[in-house]
Amino acid sequence: MSLLPKPQMRGLLAKRLRFHIVGAMITSLGCAVLYKYGVAEPRKRAYADFYKDYDSMKDFEAMREAGVFESVQPKNS
């Protein structure tokens, strides 16, 4: 009859933490890269495209004529 090997008691926590910390770092870096190129960069491009030909005075005049503002009367009245 053979004896069972002794379980590892010393350094078990440090060994497991080292493994899990490395895994957590790789996962978090992967998520950060996916967010940057999947969400942030397309959002920046969309804002740049919108403001490339945005005319704030034209938008103001349209809101003014629609009666959005209380302090500015429409030109037609």
(request) Apply salt bridge (charged side-chain N to carboxylate O under 4.0 Å, His left out) to Glu61 and list each qualifying residue two or more places apart in sequence or on a separate chain. (result) Arg64, Lys75
(message) Under the rule for side-chain contact (heavy atoms from CB on, under 4.5 Å), what residues qualify as partners of Asp49, not counting sequence neighbours?
(response) Lys52
(message) Phe50: which residues meet the ring pair (Phe, Tyr, Trp, His ring centres under 6.0 Å) condition with it, sequence neighbours left out?
(response) Tyr54
(message) My understanding is that a hydrophobic cluster links ILVMFWY residues whose side chain heavy atoms are under 4.5 Å apart, including indirect links. Using that, what else belongs to the cluster containing Ile26?
(response) Val22
(message) Rounded at 0.5 Å granularity, tell me how far CG in Leu17 sits from CG in Leu12.
(response) 9.5 Å
(request) Scan residues 23-32 for pairs that pass salt bridge (charged side-chain N to carboxylate O under 4.0 Å, His left out), counting only residues two or more places apart or in two chains. (result) none
(message) Quick test of your reading: applying salt bridge (charged side-chain N to carboxylate O under 4.0 Å, His left out), list the pairs with at least one residue in residues 30-48, sequence neighbours left out, ordered by first then second residue.
(response) Lys36-Glu41, Glu41-Lys44
(message) Side-chain heavy atoms under 4.5 Å apart, restricted to Ile/Leu/Val/Met/Phe/Trp/Tyr: what other residues fall into the cluster of Met63, or is it alone?
(response) Met57, Phe60, Val68, Phe69, Val72
(request) Could you list all the salt bridge (charged side-chain N to carboxylate O under 4.0 Å, His left out) pairs where at least one residue sits in residues 8-28, not counting sequence neighbours? (result) none
(request) Output all residues satisfying ring pair (Phe, Tyr, Trp, His ring centres under 6.0 Å) with Tyr35, sequence neighbours left out; order by chain, then residue number. (result) none
(message) I need the minimum non-hydrogen distance between Lys58 and Asp55, along with the two atoms involved.
(response) CB-OD2, 3.2 Å
